Amino acid sequence: MSSPNQPANSPAPAANFIRNIVEADLAAGKHTLRHWAGKPGTASDQASGPLDPAKIRTRFPPEPNGYLHFGHAKSILLNFGLAEQFGGRCHLRFDDTNPEKEEQEYVDAIVDSVKWLGCSWETGGETNLYQASNYFDWMAQFAEYLISAGHAYVDSQSADEMRANRGTLTQPGQDSPFRGRSVAENMDLFKHMQAGEFPDGTHILRAKIDMSAPNINLRDPAIYRIRHATHHNTGDKWCVYPMYTFAHPIEDALENITHSICTLEFEDQRPFYDWLLERLAEGGLLQRPLPQQIEFSRLNLTYVVLSKRKLIQLVDEKHVEAWDDPRMPTLVGARRRGYSAEGFRLFAERIGVSKNDSLIDYVLFEEAQREVMNLSDERRIGVLDPLKLIIDNYPADQVEECFAPNHPLKTELGQRAMPFSRELWIEAEDFMEVPSKGYRRLFPGNMARLRYGYVVECTGCDKDENGRIVAVHCNYLPETKSGTPGADSVKVKGNLHWVSVAHAYQAEVRLYDRLFSVPAPGARREGDAPDLERDFLDDLNPVSKQSITAQLEASLKDAKPEERFQFERHGYFVADRIDSKAGTPVFNRAVTLKDSWGRAG
Ligand code: ATP
Ligand code: MG
C-alpha cells in the first residue's frame with residue numbers, strides 16, 4: 001500500500017485492538033508453522049508447499065453486487081494496511097457464491113477502486129486475487145464430509161416449518177422430523193440434490209449442532225440449498241449453492257487467512273464459523289491454526305447513506321446522474337469528485353478501529369481531504385462569478401507578466417507567469433458600490449491589491465439599463481507591482497484574485513455540495529409525531545450541484561483529467577475524468593477551503 005504521495009509527516013499507524021491481536025499472535029509465533037502451496041487449498045494441498053512466507057494473511061471479500069462505498073474503504077485500508085504493516089499479504093476475494101446478483105461491471109469497478117486507494121493484492125511475488133466460486137468443488141466435498149461424520153443432514157421440511165421450529169430468543173427450537181436420517185440416506189439425498197433431481201426449496205442441507213442452543217445461529221443452520229440458477233463463473237455446473245455462513249469460513253481457511261476481519265453484525269456468527277472450521281480440521285481437511293474472525297464497528301458517516309439498497313435507489317430513480325456522480329459516497333464517485341486516496345487513508349487512520357458503534361462527522365472526512373490537498377495541490381486562479389474590472393490608466397494594448405507561486409509551502413514547485421492587462425475578471429463579490437461595514441475590497445475611493453500584481457484605486461462602476469453592475473473602473477499605481485522594490489509603499493487591506501479577460505479560459509465548473517441536507521438522512525427528528533415515518537429521499541439537498549461558467553487562468557486549459565488544483569480562495573478542484581476533453585477540461589469542486597456547514601450542521 002505504499003504511495004508515492006504519502007505526506008512526509010504521516011504518522012506511524014496508531015495502536016488499535018486488531019493491531020494488538022496481530023502483534024500478540026506474531027509474538028507467540030501462532031502462524032509460523034503454516035504451509036502455503038502458492039494458492040488456496042486443503043490441508044494436504046498446503047502441506048505440499050513450503051512454510052508460508054506471509055507473516056499474516058488478511059482479505060477484503062466484497063460481494064460483486066454493487067459499487068464500493070466509503071464504508072468499504074475503511075475495511076480495505078484496514079485489511080491491506082495490516083498486511084503491509086506486518087509483512088503479510090492481503091487477498092482481494094470476490095465473494096461470488098450467490099448465483100443471482102453478480103455482474104462483471106461491479107467486478108471491474110471494485111478492482112479499479114481498490115487499486116485507486118493504493119492497495120495491491122500483488123505483493124511478495126504473489127497474485128492474491130480470488131473468486132470464491134472457484135471453491136465450489138471443495139465446498140461440496142466438505143459438505144459430504146460433514147454428512148459422513150454425522151455433522152450434517154438433509155432436511156425436507158418446508159421453509160415455514162423450519163422457521164416455526166427454529167424457536168425464538170427465549171424459546172428453544174424443535175428438532176426436525178428428518179434430523180434422525182442415517183448417514184447413508186443423507187448422502188444419497190445430497191447426491192440427488194446435486195444431480196438436479198429436486199426443485200428449489202424441497203430439501204436443504206443443515207449442520208447438525210443443537211436446536212436448543214441459546215445462539216440461534218447454532219440451531220442447525222442451513223449450509224447448502226437447491227437453486228436452479230446459472231452462475232456467471234460456473235455456468236450450469238451446480239444447482240446447489242452454499243449458504244454465505246458456510247462458504248465464508250471455508251474460503252478464509254482455504255486461502256490461509258490468519259485474521260478474518262468483518263463488521264460487528266457477524267459477531268453472532270462467530271461460534272458457527274469456529275464450529276465449522278473445527279469440524280473440518282478434525283477431519284483433516286483444513287490446515288491449522290484456523291483463521292480467527294475479528295469484528296469491528298462499521299463506518300457510519302453523517303450526511304451520507306451507505307446502504308447498498310439506498311445507493312441503488314439514488315441511481316435508479318435518477319436523484320444522481322450515475323454511480324460515479326461526484327455526490328455519491330461511492331469510491332468511483334469520490335474519485336470523480338476529486339477526493340484523494342491519500343485523504344481516505346488519513347481519515348481512516350484518524351477514525352481508527354474499534355468495537356463501538358459510532359457516527360463519524362463528515363467534517364472529519366473533509367478535513368482529512370483538505371489537509372492532504374493543501375500539501376499536494378498546486379495553486380491556480382479561478383474567478384467563479386466574473387465581473388469585469390477596467391484599469392483606465394493602463395495602456396489598452398499592453399500585456400505584462402505577473403508571477404504567482406505554484407505552492408506557498410513548496411518553493412521548489414516554482415512560479416508561473418500570469419498575463420496582466422487593462423481588462424481583468426474579478427469576483428463580483430469583490431466590489432460593492434456602497435460598502436458594508438468592515439468591507440475591505442473594492443468600492444469607490446478604496447484601494448486594494450490585485451494579488452501578484454498592482455494596487456488599484458476604485459473609481460466607480462458601469463450599470464446596464466436595469467441598474468445591474470456590468471463593469472468596475474479603477475486606476476493602478478505603477479510603483480506597487482508585487483515583487484518589485486516599491487511594492488508595499490502603499491498599504492492596503494483587500495487582496496483580490498483576477499484573470500486577464502483577453503487570456504482567460506472560460507470553463508464549465510461544477511460546484512458540488514452535500515447530497516443530503518441533514519446529518520442523518522431519513523432518521524426521525526425531535527418533535528416528529530409518533531407515527532411519522534421519514535424517507536431518506538425527503539432529506540436530499542435541493543442544491544447539491546451547481547454548474548457555472550467561470551473564468552480561469554489560461555494554464556488550466558492544459559489540465560489533464562484527474563489533475564487537481566487549489567483555486568485560491570475557493571477550494572480544491574479537479575479536471576473531471578469523464579467530461580474533460582483535451583484543451584477544454586471541465587472542473588469539479590471537491591471541497592471548499594473552509595467548512596461552511598459547521599459541526600452541528
Ligand atoms: P451487503 O448488504 O450486500 O452484504 P456489504 O456492504 O456488506 O453489503 P460486501 O460486499 O459484503 O457489502 O462488503 C465487503 C466487506 O466490506 C465486508 O467485509 C464488510 O464487512 C465490509 N463493509 C461493508 N460496509 C462497511 C462499512 N460501512 N464499514 C466498514 N466495513 C464495511
Ligand atoms: Mg456483506
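Given the structure is predicted, the values throughout are model-derived calculations rather than measurements. All ligand and atom numbering here is 1-based and tracks the order in the structure.
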Numbering as shown, the atoms of ligand 1 that approach Pro62 to under 4.0 Å (heavy-atom distance):
10 (O), 14 (C)
If the cut-off is 4.0 Å to any non-hydrogen atom of Asn65, which atoms of ligand 1 fall inside it?
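In order of number, 3 (O).
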With a heavy-atom distance limit of 4.0 Å, tell me whether Phe60 approaches ligand 1 through its side chain, its backbone, both, or neither.
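Contact part for Phe60 vs ligand 1: side chain (C-beta onward).
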Logged contact type for Arg298 with ligand 1, heavy-atom cut-off 4.0 Å, is both
My understanding is that we take every heavy atom of each candidate and find the minimum distance to atom 21 (C) of ligand 1. Doing that for Ser75, Ser260, Ser297, Pro329, which one comes out nearest?
Ser75
Among Thr263, Leu306, Asn300, Leu299, which one puts a heavy atom closest to atom 19 (C) of ligand 1?
Thr263
Does the Arg370 side chain pair with the main chain of Thr592, one donor and one acceptor, at a distance under 3.5 Å?
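Judged by distance alone, yes, a pair lies under 3.5 Å.
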Is there a polar contact between ligand 1 and Lys74, counting only N or O atoms under 3.5 Å apart?
no
Measure up the His91 and Trp36 rings against each other and bin them: parallel (under 30°), tilted (30 to 60°), perpendicular (over 60°).
tilted
Taking the inter-plane angle between the rings of Phe266 and Tyr244 on a 0 to 90° scale, is it parallel (under 30°), tilted (30 to 60°) or perpendicular (over 60°)?
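Because their plane-to-plane angle lies in the 30° to 60° range, the rings of Phe266 and Tyr244 count as tilted.
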From the options Gln287, Lys39, His35, select the one residue that forms a side-chain hydrogen bond (donor to acceptor under 3.5 Å, both in side chains) with Asn256.
Gln287
Basic-acidic side-chain contact under 4.0 Å: Glu126, Arg57
yes
Would Arg227 pass as a cation-pi partner of Tyr241, given that its NZ or CZ must be under 6.0 Å from the six-membered ring centre and within 45 degrees of the axis?
no
Under 4.0 Å, counting heavy atoms only: does Arg309 come that close to any atom of ligand 1?
no
